[in-house]
Amino acid sequence: MNLKVLILICFLIASWSGLAQTTRITNFDDLMANLNAGEQIRVVIHYALCKWSPEQAEQSPVPDAITGMDIDTYEYFAPGAVHNKFAFVVFANSKLIMNPVGKGFVYNYGKVRINADNTVQVTAKYIHPKNFNVKMNESFSCKLNDGTNNEGINLFK
């Protein structure tokens, strides 16, 4: 094999492996810059590092559960757009799953709202696929994990 071809192949392999690196997103501004640049973002939620939301009946402890979801469709609201003091982005996802706490299947619905101050509200619901009755409804207050603060919401691109 020609030395130039071998060097080119090594360079391409090194370049491709660099593209596959996972990078943590540490704050709201970086999240919005990446979303607006068309980047694929993954959210990993560690519920045990969050708190029950004030409107959620106080339960103890928060479940030691983890959720992962991609951000595909999202909506951004600038300050004042919907009578909001601070900017925020919201996105949701729903998948049909086997009910882990009951019989049959449920839609696993998750909604995440990330605020400009790096606070996060998460809603998790199990919804019956035929009659749409809510089988579980939980709300959590969390914060973005910046890689040093051990908070529950992790963002990666």
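Quick note: numbers below take in every heavy atom, side chains included, and nothing from hydrogens, waters or symmetry partners.
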Extract all donor-acceptor atom pairs below 3.5 Å that involve side chains of residues 39-48 and protein atoms in other chains or at least two apart in sequence.
{"from": "Arg42", "atom 1": "NH1", "to": "Asp70", "atom 2": "OD1", "distance (Å)": "3.0"}
{"from": "Tyr47", "atom 1": "OH", "to": "Thr67", "atom 2": "OG1", "distance (Å)": "3.3"}

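Looking at heavy atoms from C-beta onward, Thr119 lies out of side-chain contact with Ile114 at the 4.5 angstrom threshold. Side-chain contact between Asn115 and Phe86: absent, with no pair of heavy atoms (C-beta onward) separated by less than 4.5 Å. Residues Ile153 and Val122 have side chains in contact (heavy-atom distance under 4.5 Å, counting atoms from C-beta outward). Under the 4.5 Å side-chain criterion, counting only non-hydrogen atoms from C-beta, Asn93 is in contact with Met69. Side-chain contact check for Trp52 versus Glu138: some heavy-atom pair is nearer than 4.5 Å. Taking the side chain as every heavy atom from C-beta outward, Tyr126 and Tyr109 never approach each other to under 4.5 Å.
Asn108 places no side-chain N or O within 3.5 Å of a backbone atom of Ser94 that could act as its donor or acceptor partner. When atom types are taken as modelled, the side chain of Asp30 and the backbone of Phe28 share no donor-acceptor pair closer than 3.5 angstrom. At least one donor-acceptor pair closer than 3.5 Å links the side chain of Asp146 to the backbone N or O of Asn149. Remark: side-chain polar atoms of Asn137 are not paired, donor with acceptor, to backbone N or O of Val134 under 3.5 angstrom.
Among all heavy-atom pairs drawn from Gly152 and Cys50, the shortest one is CA-SG, 4.1 Å.
Expressed to the nearest 0.5 Å, how far NZ of Lys130 lies from CZ of Phe105 amounts to 11.0 Å. Between Gln21 atom CD and Phe156 atom CZ the span is 13.0 Å, to the nearest 0.5 Å.
When the side chain to side chain donor-acceptor pair (under 3.5 Å) test is applied to Tyr74, the partners found at least two apart in sequence or on another chain are Asn36.
Residues Met32 and Leu144 are members of one and the same hydrophobic cluster, defined by side-chain heavy-atom contacts under 4.5 angstrom among Ile, Leu, Val, Met, Phe, Trp and Tyr.
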For a side chain to side chain contact (heavy atoms under 4.5 Å, CB included) check, start with the C-alpha distance between Arg113 and Lys111, then their side-chain angles and the critical distance, and finish with the verdict. CA-CA 7 Å; Arg113 174 181 166 154; Lys111 180 180 83 169; 5.7 Å; no

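Side-chain N/O atoms of Lys157 and Asn34 include a donor and acceptor closer than 3.5 Å.
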